[in-house]
There are 2 protein chains.
Amino acid sequence: MAAPWKERELQRREEEILRVARQLLLDHGYFGMTMDRIAAGIEYSKGTLYQHFASKEDVLCALALESEVKRKEFFERAAQFSGNARERMTAIGAAYELYFRLHPTYFRSEQMIHSQELLTKISQERRDQVMVCGARCHELMTGIIADAQTARQLHLPGGMTPGTLAFILWSLTSGAYLNMADPGHLEQMGVVNAIEAVRMACQTLLDGLGWRPLSSEHDYFAVASRAYAEIFPKETAEVFLAANR
Amino acid sequence: MAAPWKERELQRREEEILRVARQLLLDHGYFGMTMDRIAAGIEYSKGTLYQHFASKEDVLCALALESEVKRKEFFERAAQFSGNARERMTAIGAAYELYFRLHPTYFRSEQMIHSQELLTKISQERRDQVMVCGARCHELMTGIIADAQTARQLHLPGGMTPGTLAFILWSLTSGAYLNMADPGHLEQMGVVNAIEAVRMACQTLLDGLGWRPLSSEHDYFAVASRAYAEIFPKETAEVFLAANR
DNA sequence: GAAATAATTTGACGATCCGTCAAAACTCGC
DNA sequence: GCGAGTTTTGACGGATCGTCAAATTATTTC
């Protein structure tokens, strides 16, 4: 036991389970993703399924975790973008954009597990991992904001900490993306290009805070484009291919 | 049949059902709110339940609708606040705040029904009503923004329509409130007073857009307080009583 | 290589819940 | 008090989750 190849066999099987589960979630939604169907999709039985995951919610959480990890990686790459603090924050915004465009369905499953309804049926370990991912994303943003303060490019008003600003930017973006998932909602509101609107809103907010250089002094849309091209060339191509299909 | 008193009897029963359902949702969550338990709570059987609601999701939607109606009413009252456009928008913000503080649980059920997962199992009529409420709220905000444009207090940048700005403010606020529902999330992010942070963020955003009078020229926190006192005196007292309990 | 032992897999099963529907209970005009 | 029409009921079918004793497979021992 504990043979090295066995570990890998388990790993492989777990990936297979998640692959099937994700497809089911995609095609038939949360209620359509049943444990029996997943078991039918892999060549193992339901019992074996439960050796990998504590519950159906745990499977969902594992899917969400994959998303969170991916986003975290996007954020980490974006945080290394070359440029001043506000440019790097813009790159983070681009990363979130791209993540959302590439994985709109992951995004949904992610939101689900945050509804403490499901939280109780999830294994502690996985829950912690999700938390760590979220914390890391937040930390990256907070760090950039702190850098801007150090560089005297940003002076936050009293009572607003870097963590709070990160929370706000996060909320604005995720809230908007969540509303976008609502079909027909945007049309009803007369919103044409929601992603661009979010971009603009974030920049306007930062302008309002006086984060230098202001967007009147610097073309942050160009910065975002550069971030796309330099940090995420492959993913950007993917998005455009998907869009023109 | 169709006797006037009978109509009222049906109405009364429906309210009773929703009262019981809401308590169950509050105490035991979505999965704990079973149709059998609701039936046990009222003095009718499950079959009768299904004469009022098409499905369990329909019950949930009805609960969410009650919330949406309440919020819509809050918004309508706030929109009549005396003052310039930005002051009225601030009053809308106060209304949303108050709504969230008074009905944090309603807020959750509301979010649920937007996850098109459930949408299919909801009666068309109720779905429409929810849509109408949302549209009305959005319309009120859009109207105020348009007023500001007419009064030349606001000049939106190219590509940003009043509807888009309303969408952004809405997303920022609801996104933040949604994150607040996540227990432990705020602490981890180092956010002390999230509601105040949202307020500040909205004002900063409007400042960034140059919506006159700017917050440097006008104390919008005082305006919010006035809105609380003038439009929602009773509800404000409720919130403070609940907070100091 | 065979037998004994340990680990793993299986799928039938209990429990729960949703939504239905035939039968029972009830209403109301006569 | 009777009977047609209406409303209510709760047992039931179907679906799903998670379990667990039995079956199968792997590993060790002799």
Side-chain angles (χ1 to χ4, degrees), chain A residues 1-14 16-18 20-21 24-25 27-63 112-113 115 117-124 126, chain B residues 1-14 16-18 20-21 24-25 27-63 112-113 115 117-124 126:
Chain A
M1 71 214 75
W5 69 269
K6 193 158 230 170
E7 283 289 335
R8 266 201 285 146
E9 167 59 18
L10 287 186
Q11 176 82 17
R12 195 199 59 74
R13 199 197 292 168
E14 194 155 315
E16 172 71 1
I17 292 172
L18 290 179
V20 172
L24 282 170
L25 183 65
D27 294 345
H28 304 98
Y30 175 72
F31 292 109
M33 179 186 95
T34 72
M35 295 304 260
D36 285 299
R37 279 203 229 186
I38 296 175
I42 59 177
E43 72 253 46
Y44 290 94
S45 74
K46 197 157 51 150
T48 304
L49 213 56
Y50 278 90
Q51 288 202 328
H52 289 268
F53 300 97
S55 66
K56 176 178 174 176
E57 284 69 34
D58 207 29
V59 175
L60 185 70
C61 188
L63 288 176
M112 276 192 185
I113 60 159
S115 75
E117 183 75 24
L118 308 184
L119 230 65
T120 58
K121 305 168 86 181
I122 290 172
S123 70
Q124 181 68 44
R126 223 179 297 275
Chain B
M1 70 214 78
W5 70 271
K6 193 158 231 172
E7 283 290 336
R8 266 201 285 149
E9 168 58 19
L10 286 187
Q11 177 82 15
R12 196 200 59 75
R13 197 196 294 168
E14 193 155 315
E16 174 70 0
I17 293 172
L18 290 179
V20 172
L24 283 171
L25 183 65
D27 294 344
H28 303 98
Y30 174 71
F31 293 110
M33 179 185 95
T34 72
M35 296 305 260
D36 285 296
R37 279 204 230 188
I38 296 175
I42 59 178
E43 73 251 47
Y44 289 94
S45 73
K46 197 157 52 147
T48 304
L49 250 174
Y50 278 90
Q51 290 202 328
H52 289 267
F53 301 97
S55 66
K56 176 178 174 176
E57 284 69 35
D58 206 30
V59 175
L60 185 71
C61 188
L63 288 176
M112 277 191 187
I113 60 159
S115 74
E117 184 74 25
L118 308 183
L119 229 67
T120 57
K121 303 168 86 182
I122 291 172
S123 71
Q124 181 68 44
R126 223 180 297 275

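Numbers restart at 1 for each chain; the letters A, B, ... are given by sequence-line order, proteins then strands.
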Self-check item: Integer-rounded Å distance: D:dT16 P and A:His28 NE2
Solution: 11 Å
Quiz item: Between CZ of A:Phe53 and CD1 of A:Ile122, what distance do you get to the nearest 0.5 Å?
Solution: 12.0 Å
Quiz prompt | For atom CE of B:Met35 and atom P of D:dA11, their distance in whole Å | solution = 18 Å
Quiz item: Residues from residues 40-58 of chain B sitting under 4.0 Å of DNA chain C, heavy atoms only?
Solution: B:Lys46, B:Tyr50, B:Ser55, B:Lys56, B:Glu57
Quiz item: B:Met33 has an atom CE; how far is it from atom C1' of C:dG19, in whole Å?
Solution: 14 Å
Quiz item: Does a side-chain N or O from A:Lys121 land closer than 4.0 Å to OP1 or OP2 of D:dC17, or not?
Solution: no
Practice problem: Could you state the atom-to-atom distance from CD1 of A:Ile38 to P of D:dT16 in whole Å? | Solution: 12 Å
Self-check item: Heavy-atom donor-acceptor pair, B:Ser55 side chain to B:Lys121 backbone, under 3.5 Å
Solution: yes
Quiz item: Are OP1 or OP2 of C:dT9 and a side-chain N or O of A:Arg13 less than 4.0 angstrom apart?
Solution: yes
Quiz item: Hey, what do you get for OH (A:Tyr44) to CD1 (A:Ile38), rounding to the nearest 0.5 Å?
Solution: 16.0 Å
Exercise. Would you list the pairs meeting salt bridge (charged side-chain N to carboxylate O under 4.0 Å, His left out) in which at least one residue belongs to residues 33-43 of chain B, sequence neighbours left out?
Key: B:Asp36-B:Lys46
Exercise. Drop me the distance from A:Glu14's CD to A:Leu49's CG, to the nearest 0.5 angstrom.
Key: 10.0 Å
Quiz prompt | Rounded distance in Å - CZ (B:Arg37) to C1' (C:dC17) | solution = 11 Å
Quiz item: Who pairs with B:Arg126 by salt bridge (Lys or Arg N to Asp or Glu O under 4.0 Å), at least two apart in sequence or on another chain?
Solution: B:Asp58
Practice problem: Grab the CG-P distance between B:Asp36 and C:dT16 for me, whole Å please. | Solution: 11 Å
